[in-house]
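Working notes, structure below.
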Amino acid sequence: ELNDGISAPLATIQRGIYYASDGDTVELMPGTYTGGAHCTAIDNNDGFYGATKRRCNHNNDFMGKKITLDGHGRATIDCQATSFGDSPKRGFIFANGETRETVLRGVKITRCRSGSPKNGPNFSRTFYGARDSYGAGIYSHGSQNISLENILITDCHSYQYGGGAYVSGSIRLSNVSLRECSGTKGAGLSHASGHLHWIGGSVSQTKTRSWGWGLQGVGASGIYTSASLLVEQLVFQDNKVRNLEANYRTPTFSGGTVVFGSHALSGSKIIGCKFSSNSAPVGANGTDLSLHPDFTGTVKVIDTNFTSSVF
């Protein structure tokens with residue numbers, strides 16, 4: 001990390017972000033990015049949960065900067081987490097007021113984990129104002145209108161919400177695909193607040209998982225939203241909502257591939273999408289689309305094809 005990032009490249013992604021100024025583009029050279037130093041620093045003495053210390057290629061924190069990070073479709077961020085004992089190992093973090101001038105583009109994010117059973121059933125440890133068990137591939141909390149473009153998130157798993165991504169705040173996704181991710185609510189993506197606009201991409205082979213302490217209100221193998229969505233031209237295929245273990249209490253609500261929670265806003269739209277070969281347990285509130293019984297709004301579905309009906 002003795003280079004300046006201009007005349008000679010830096011060794012890790014986080015140092016590239018650290019040295020970047022608003023308006024800069026951090027260019028990733030082709031290859032797979034793993035490991036580093038001080039990667040799991042979680043003290044918040046610097047206000048960034050140790051990001052100023054990290055020389056690392058995961059837990060990459062944008063630190064509130066108005067920058068673009070571009071992998072040009074040739075860079076893979078491999079968190080190398082193979083169990084929840086390895087967590088937290090996230091791909092990227094947006095939690096310091098990033099805006100529409102913050103862009104992540106052209107990367108593959110894989111083998112990331114968030115949360116851990118060692119934190120207990122209350123998951124009391126917090127991270128940037130939300131639970132540390134949220135968001136494995138992408139964690140975005142409080143940022144507004146950031147852009148994710150041309151991204152594949154695969155084999156990422158959250159102990160609670162959003163295996164592929166957890167989002168609290170508005171966000172724009174273009175040609176983003178989630179594959180083989182898992183979590184409880186929103187195995188692919190969990191959306192807590194703001195407006196999510198997602199155009200192009202896919203959600204495939206995601207599956208919900210049990211907490212292991214029982215759960216009321218389980219579901220959304222693809223997307224779970226408590227806010228508003230505009231989803232266009234997405235393919236949802238081979239996603240699965242799983243039953244809880246028999247020895248835990250039955251959920252009061254079990255959803256399907258895309259779930260609108262009890263606090264979701266009215267007026268969301270699903271346009272030009274395709275749902276196929278998705279599955280949910282018998283008694284679920286829908287295989288492809290589900291509305292929580294307490295949801296009182298409307299959802300417009302336009303030019304969308306449903307061919308799942310698998311139980």
Side-chain angles (χ1 to χ4, degrees), residues 1-6 8-28 33-71 75 77-81 84-104 107 109 112-116 118-119 123-148 156 158-160 162 165-169 171 192:
E1 300 288 15
L2 299 179
N3 297 331
D4 59 10
I6 300 174
L10 293 160
T12 60
I13 295 171
Q14 185 63 69
R15 295 313 279 176
I17 295 172
Y18 176 75
Y19 283 122
S21 300
D22 288 350
D24 285 349
T25 296
V26 178
E27 307 275 2
L28 300 186
Y33 291 78
T34 61
H38 307 292
C39 293
T40 58
I42 59 172
D43 68 82
N44 198 24
N45 294 334
D46 61 355
F48 298 102
Y49 284 87
T52 59
K53 306 172 186 176
R54 287 198 291 273
R55 291 163 172 81
C56 191
N57 288 313
H58 59 263
N59 290 332
N60 297 298
D61 195 322
F62 266 68
M63 304 174 68
K65 296 188 177 184
K66 301 174 182 178
I67 61 175
T68 295
L69 191 147
D70 198 340
I77 288 77
D78 185 350
C79 295
Q80 297 181 296
F84 284 109
D86 293 333
S87 63
K89 286 187 176 180
R90 294 181 170 91
F92 290 92
I93 299 160
F94 306 87
N96 290 283
E98 291 86 356
T99 68
R100 66 177 66 249
E101 297 171 89
T102 303
V103 180
L104 174 62
V107 297
I109 303 168
C112 303
R113 298 289 189 279
S114 66
S116 171
K118 67 184 179 183
N119 294 332
F123 304 100
S124 58
R125 191 169 72 186
T126 60
F127 180 73
Y128 278 129
R131 292 179 178 177
D132 196 34
S133 49
Y134 293 179
I138 298 285
Y139 178 97
S140 178
H141 185 77
S143 298
Q144 298 296 332
N145 298 309
I146 64 172
S147 291
L148 308 181
C156 291
S158 172
Y159 208 72
Q160 282 190 289
Y166 168 79
V167 177
S168 178
I171 191 169

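Residue numbers run from 1 in the order of the sequence given. None of these values were measured; they are calculated from a predicted model.
Ring orientation note: the planes of His141 and Tyr166 are close to parallel, at an angle under 30° on the 30°/60° scale.
Side-chain contact check for Ile138 versus Phe94: some heavy-atom pair is nearer than 4.5 Å. Tyr49 has its side chain out of reach of Asn59: every pair of non-hydrogen atoms, C-beta onward, lies at least 4.5 Å apart. Between Leu104 and Leu148, the closest side-chain pair of non-hydrogen atoms falls below 4.5 Å. Side-chain atoms of Asn96 and Phe62, non-hydrogen and from C-beta on, never get closer than 4.5 Å to each other. For the pair Gln144 and Thr99, the minimum side-chain heavy-atom distance is 4.5 Å or more. A 4.5 Å side-chain heavy-atom check between Leu69 and Leu28 finds at least one atom pair inside the cut-off. Using a 4.5 Å heavy-atom threshold, the side chains of Thr52 and Met63 count as touching.
Of the possible donor and acceptor atoms, none in the side chain of Asp70 sits under 3.5 Å from a partner among the backbone N and O of Glu27. A donor-acceptor contact shorter than 3.5 Å links the side chain of Asp46 to the backbone of Ala51. No side-chain donor-acceptor contact under 3.5 Å links Lys89 to the backbone of His58. The closest donor-acceptor contact from the side chain of Asn60 to the backbone of Phe92 lies at 3.5 Å or more, if one exists at all. Listed for the Ser133 side chain is no donor-acceptor partner under 3.5 Å among the backbone atoms of Ser158. Within the 3.5 Å criterion, the main-chain N or O of Lys66 finds a donor-acceptor partner in the side chain of Asp22.
In terms of heavy atoms, Ser114 sits closest to Arg90 at CB-NH2, 3.7 Å. Listed here is the closest heavy atom pair of Ser140 and Ile146: OG-CD1, 3.7 Å. Closest of all the heavy-atom pairs between Arg15 and Arg54 is CD-O, 3.2 Å. Taking every heavy atom of both residues into account, Ala95 and Ser143 meet most closely at N-OG, 3.7 Å. Shown here for Ile109 and Cys156, the closest heavy-atom pair between the two residues is O-SG, 4.0 Å. Closest heavy-atom contact between Tyr134 and Gln160: CE2-OE1, 3.5 Å.
Distance check: Tyr159 OH to Asp132 CG gives 13.5 Å after rounding to the nearest 0.5 Å. The OG1 atom of Thr68 lies 9.5 Å from the CD atom of Glu101; values are rounded to the nearest 0.5 Å. Between atom OH of residue Tyr139 and atom OG of residue Ser168 there is a gap of 8.0 Å, rounded to the nearest 0.5 Å. For the atom pair Lys53 NZ and Phe48 CZ, the distance stands at 13.0 Å (nearest 0.5 Å). A distance of 11.0 Å separates CG of Leu10 from CD1 of Ile17, quoted to the nearest 0.5 Å. Here the CG atom belonging to Asn145 is positioned 9.5 Å from the CD1 atom belonging to Ile171, to the nearest 0.5 angstrom.
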Steps toward side-chain contact (heavy atoms from CB on, under 4.5 Å) verdict (Thr34, Asn57): CA-CA 5 Å; Thr34 61; Asn57 288 313; 5.6 Å; no
